[in-house]
J.: 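This structure is in structure tokens; I'll ask about it shortly.
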There are 2 protein chains.
Amino acid sequence: MSAKIKDVARAAGVSVTSVSRVINGGEHISEKLENKVRRAIEELNYSPSLIAKSLKRNKTNLLGVIIPDITSNFQATILSSIEDTAGKKGYNLLISNIVEDTDKVVKYLNIYHEMRVDGIILMHGKMNEEIRKFLERTSVPVVTQSDMGIPLTAVLINDYQGAYDAASYLINNGHRRIAMIAGDLRDISAGKHRLEGFLAACQHYGIEVGSSMIKYGDYKINTGYRLMNELLDEGSPVQAVFAASDEMAVGAINCLHDRGLSVPGDVSIIGFDGSQIADSIRPTLTTIRQPIEQIGKATVELLLELIESANDTIDARKFKKIFLQHQLHEGSSCRKLEN
Amino acid sequence: MSAKIKDVARAAGVSVTSVSRVINGGEHISEKLENKVRRAIEELNYSPSLIAKSLKRNKTNLLGVIIPDITSNFQATILSSIEDTAGKKGYNLLISNIVEDTDKVVKYLNIYHEMRVDGIILMHGKMNEEIRKFLERTSVPVVTQSDMGIPLTAVLINDYQGAYDAASYLINNGHRRIAMIAGDLRDISAGKHRLEGFLAACQHYGIEVGSSMIKYGDYKINTGYRLMNELLDEGSPVQAVFAASDEMAVGAINCLHDRGLSVPGDVSIIGFDGSQIADSIRPTLTTIRQPIEQIGKATVELLLELIESANDTIDARKFKKIFLQHQLHEGSSCRKLEN
DNA sequence: CTGAAAGCGCTTACAG
DNA sequence: CTGAAAGCGCTTACAG
């Protein structure tokens with residue numbers, strides 16, 4: 001068994017109170033006492049139990065993070081930024097990889113509550129009844145990264161505008177027959193808003209988009225591949241494709257490549273996210289770049305604000321939304337057509 | 001404040017002992033008492049504190065995972081498998097993304113100890129004095145995923161043989177001027193052993209490898225790009241390149257592409273890992289595929305064994321190594337040359 | 001500046 | 001089958 005604070009106190013010939021004080025600092029302590037304690041700690045190789053401390057202080061310095069799919073480079077990069085920011089502020093991360101399983105979200109939310117985490121980051125974007133109930137009744141601060149359809153603190157980008165910009169870019173470059181490989185409409189931010197922005201731009205410029213030009217997917221590479229195949233198989237004369245994620249865009253590019261079509265020679269592709277993969281393929285991907293690092297950082301900072309203002313009224317805490325700016329990044333996956 | 005066990009006991013008109021018993025199951029309890037308790041729990045929306053429970057039971061059901069770089073798809077996929085396996089066994093994950101900073105490893109190992117995690121998974125491969133000291137004196141079970149140069153439980157593949165196989169494949173396909181984009185020699189498994197396996201195969205087949213044909217990197221895409229550039233700039237007539245990671249292989253492919261060279265027309269590339277990116281680029285990457293899912297699963301299973309056998313002697317616990325089988329996966333990044 | 005004691009929210013022998 | 005009480009390893013008023 002490792003040493004407890006009592007063992008240190010005994011070895012140093014002081015009270016446990018004093019040992020606690022030298023460990024936690026703050027209060028004034030005589031140098032002599034401090035030295036005795038430090039020596040005893042060293043000798044016994046003592047390291048305090050954060051569990052006991054958490055119980056007493058009613059604060060764990062733990063943040064729970066629910067991430068839909070950690071193997072997505074976009075999400076992993078946000079998580080990395082979250083970890084970095086949280087670590088610097090003295091918080092540790094409890095993570096749960098949900099693999100798109102909405103039911104598991106509630107399970108882990110409950111576990112996080114039982115672990116008495118100080119706050120929760122919800123990267124997951126789909127809502128269901130149970131999640132809503134948890135979020136409405138819980139007293140633990142939560143920050144999300146998407147519009148969940150209920151009042152909740154969130155760090156967001158303007159997905160509608162991003163999609164609008166992507167479509168406008170294609171149109172301004174002369175494309176008329178434009179398809180979209182969209183997300184899941186149950187995701188309000190990444191699904192619904194991106195589709196709406198796309199459609200709005202098309203309408204604005206007088207471009208017709210038949211329903212056969214819209215496919216719905218789950219943001220993954222393989223899905224992009226499959227949906228691109230469907231578009232081609234159905235014989236729609238597609239000039240350009242807007243994908244709601246970079247990964248689906250990459251899948252689409254691979255599909256076109258495997259069918260002997262050139263990107264951007266035959267079809268232009270624009271993605272969404274600006275994750276690492278956009279620069280790791282050839283042609284490089286033109287995409288709507290999210291401020292990935294900043295999203296992670298802002299999420300943690302906002303969450304810590306909530307945690308520290310836990311005594312404020314609920315109302316003052318529930319409605320803050322931070323919008324970050326996206327940016328169109330030009331790769332070489334889009335062609336400029338002559339008009 | 002949320003309800004405590006005492007509140008439930010009072011509301012149900014029973015002792016806290018009984019409340020604890022119905023929550024944890026096991027002991028025989030009268031149906032009547034159980035019903036009263038369940039009702040009270042429901043009414044008060046009570047959820048027990050895992051912190052208090054952990055303190056009392058001296059078990060947190062927490063596993064600490066130190067991961068070098070979560071944005072690496074290879075590592076993220078292993079982590080995903082770890083999370084899945086651990087979750088099914090009732091363990092939660094505390095993770096620290098180390099971004100290749102060896103000093104942070106010790107910091108987080110200490111935090112994990114203070115959090116009284118039940119076990120630690122060390123994905124990081126580099127050793128230093130402080131890490132060694134921690135590992136030698138700690139009583140918390142640790143499983144690594146690389147040869148750290150000291151006796152430690154580990155889940156491994158045979159990196160030497162994998163590299164040997166990769167080189168043999170290139171040679172058997174007629175390549176003679178073969179370069180290697182190697183890892184960091186301080187990583188015994190991914191750095192040293194892969195280089196040694198490569199050199200051994202070359203020697204076996206009588207292929208000469210000048211020192212200018214070996215470059216050392218950090219497994220990342222950009223590094224592969226840069227090192228491929230160096231190889232070409234130095235004018236070595238390279239026919240084929242073996243990269244110690246898929247990501248470096250992708251970087252090399254991109255570099256060749258950007259310089260107008262064809263893969264595999266002009267240069268053949270073989271990678272190592274078998275991560276998702278190998279299938280997500282064109283040409284698809286020929287690579288030494290690691291059993292990624294199994295590595296994560298086996299790591300957790302081994303760790304839980306250690307945790308459950310914590311009463312056994314130290315000696316019986318320290319030396320177990322599990323070797324998993326790699327496999328050469330053919331993509332289309334290698335050319336078969338006529339001899 | 002220092003210490004004795006209560007208490008954080010649980011579990012678990014022990015006794016009945 | 002049920003409960004009173006001790007104790008897990010800390011922190012923190014309170015008193016001196």
Side-chain angles (χ1 to χ4, degrees), chain A residues 1-38 40-41 44-62 90 111 113-118 139-140 310, chain B residues 1-38 40-41 44-62 90 111 113-118 139-140 310:
Chain A
M1 276 340 292
S2 55
K4 331 285 178 202
I5 196 170
K6 198 195 274 187
D7 303 317
V8 176
R10 194 180 304 131
V14 302
S15 71
V16 296
T17 309
S18 295
V19 176
S20 175
R21 284 192 184 117
V22 347
I23 290 169
N24 294 301
E27 312 211 25
H28 275 253
I29 298 242
S30 76
E31 206 174 312
K32 196 171 129 205
L33 187 149
E34 169 145 12
N35 286 336
K36 281 195 291 188
V37 171
R38 294 241 175 262
I41 288 176
L44 298 177
N45 193 22
Y46 170 71
S47 100
S49 162
L50 253 34
I51 296 297
K53 184 174 181 170
S54 295
L55 177 61
K56 187 63 187 131
R57 285 210 177 156
N58 203 24
K59 176 145 178 35
T60 54
N61 275 45
L62 243 32
I111 290 178
H113 180 236
E114 292 185 354
M115 288 291 299
R116 301 298 188 258
V117 297
D118 293 334
S139 59
V140 25
Chain B
M1 277 338 291
S2 55
K4 330 287 179 202
I5 196 170
K6 199 195 272 189
D7 303 318
V8 177
R10 194 180 304 130
V14 303
S15 71
V16 296
T17 309
S18 294
V19 177
S20 175
R21 284 193 184 116
V22 348
I23 291 169
N24 293 301
E27 313 211 24
H28 275 252
I29 298 243
S30 76
E31 206 172 312
K32 194 172 131 209
L33 187 149
E34 169 146 11
N35 286 337
K36 281 194 292 188
V37 171
R38 295 238 174 263
I41 288 176
L44 298 177
N45 194 22
Y46 170 69
S47 99
S49 162
L50 254 32
I51 296 297
K53 185 174 181 170
S54 294
L55 178 61
K56 187 63 187 135
R57 285 209 176 157
N58 202 24
K59 177 144 175 39
T60 55
N61 275 43
L62 242 32
I111 291 178
H113 180 235
E114 292 185 354
M115 288 291 299
R116 301 295 189 260
V117 298
D118 293 335
S139 59
V140 24

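Lettering of chains follows the sequences in order, A, B, ..., and the numbering in each one begins at 1.
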J.: Find the runs of at least 3 consecutive base pairs, i with j, i+1 with j-1 and so on, that include DNA chain D, using Watson-Crick or G-U wobble geometry with both distances under 3.5 Å.
T.: C:1-3 with D:14-16, C:5-12 with D:5-12, C:14-16 with D:1-3

J.: Just how far, in rounded Å, is P of D:dC10 from CG of A:Asn58?
T.: 18 Å

J.: Would you tabulate the pairs of protein nitrogen or oxygen atoms and nucleotide nitrogen or oxygen atoms of nucleotides 14-16 of chain D closer than 3.5 angstrom?
T.:
none

J.: Sequence neighbours left out, what passes salt bridge (charged side-chain N to carboxylate O under 4.0 Å, His left out) with B:Glu114? Give chain and number order.
T.: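 Once residues adjacent in sequence are excluded, B:Glu114 has no partner under the salt bridge (charged side-chain N to carboxylate O under 4.0 Å, His left out) criterion.
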
J.: Using the salt bridge (charged side-chain N to carboxylate O under 4.0 Å, His left out) criterion, which residues pair with B:Lys6? Sequence neighbours excluded.
T.: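 Here no residue qualifies.
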
J.: Give the rounded distance in Å between these two atoms: NZ of A:Lys6 and P of D:dA6.
T.: 14 Å

J.: Taking side-chain hydrogen bond (donor to acceptor under 3.5 Å, both in side chains) as the test, write out the residues that go with B:Ser49, two or more places apart.
T.: none

J.: Pull out every residue in residues 49-57 of chain A that has a heavy atom closer than 4.0 Å to any atom of DNA chain C, ordered by number, or say none.
T.: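 Correct list: A:Leu55, A:Lys56.
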
J.: Mind running a 4.0 Å heavy-atom check of residues 8-19 of chain B against DNA chain C and sending the residues that fall below it, in number order?
T.: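 Residues of residues 8-19 of chain B that come under 4.0 Å of DNA chain C are, in numerical order, B:Thr17.
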
J.: Can you name the salt bridge (charged side-chain N to carboxylate O under 4.0 Å, His left out) partners of A:Arg21, sequence neighbours left out?
T.: A:Glu27

J.: So which atom in A:Val22 and which in A:Glu34 form the shortest heavy-atom distance, rounded to 0.1 Å?
T.: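 Smallest heavy-atom distance, with atoms named: CG1-CA, 4.5 Å.
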
J.: Decide side-chain contact (heavy atoms from CB on, under 4.5 Å) for B:Asp118 and B:Lys59; before the verdict, give the C-alpha distance in whole Å, the side-chain angles of both, and the deciding distance to 0.1 Å.
T.: CA-CA 6 Å; B:Asp118 293 335; B:Lys59 177 144 175 39; 2.9 Å; yes

J.: Could you list the residues that satisfy side-chain hydrogen bond (donor to acceptor under 3.5 Å, both in side chains) with B:Ser30, not counting sequence neighbours?
T.: none

J.: Considering only residues two or more places apart or on different chains, which pairs with a residue in residues 10-20 of chain B satisfy salt bridge (charged side-chain N to carboxylate O under 4.0 Å, His left out)?
T.: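 Matches after skipping sequence neighbours: B:Asp7-B:Arg10.
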
J.: Output the rounded distance in Å from CD1 (B:Ile5) to C1' (C:dC8).
T.: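 Going from B:Ile5 (CD1) to C:dC8 (C1'), I get 14 Å.
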
J.: Phosphate oxygens OP1/OP2 of C:dC1: is one of them under 4.0 Å from a side-chain N or O of A:Ser30?
T.: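 A:Ser30 to C:dC1 OP1/OP2: no side-chain N or O under 4.0 Å.
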
J.: Among all residues two or more places apart in sequence or in another chain, which pass the salt bridge (charged side-chain N to carboxylate O under 4.0 Å, His left out) test with A:Arg57?
T.: none

J.: What verdict does the side-chain contact (heavy atoms from CB on, under 4.5 Å) test give for A:Ile41 and A:Ile23, after you've listed the backbone C-alpha separation in whole Å, the side-chain angles of each residue and the deciding distance to 0.1 Å?
T.: CA-CA 9 Å; A:Ile41 288 176; A:Ile23 290 169; 4.0 Å; yes

J.: Nearest whole angstrom, please: distance from the C1' of D:dT12 to the CD1 of A:Ile29.
T.: 13 Å

J.: Between A:Asn24 (CG) and D:dG9 (P), how many Å, whole number?
T.: 17 Å

J.: Measure from NZ on A:Lys59 to P on D:dT12 and round the result to the nearest Å.
T.: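 Value for this atom pair: 13 Å.
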
J.: Just to verify, what does A:Ser54 make a side-chain contact (heavy atoms from CB on, under 4.5 Å) with, not counting sequence neighbours?
T.: A:Thr60, B:Ile51

J.: For B:Ala40 and B:Ala11, which heavy atoms make the closest approach, and how far apart are they?
T.: CB-CB, 4.0 Å

J.: To the nearest Å, give me how far apart CE (A:Met115) and C1' (C:dC10) are.
T.: 14 Å

J.: Side-chain donor-acceptor pair under 3.5 Å between A:Thr17 and A:Ser20, yes or no?
T.: no

J.: Roughly how many Å apart are C:dT12 and C:dG16, using the C1' atom of each and rounding to a whole number?
T.: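 Their C1' atoms lie roughly 16 Å apart.
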
J.: Quick one: closest heavy-atom pair of B:Val8 and B:Val37, and the distance?
T.: CG1-O, 4.3 Å

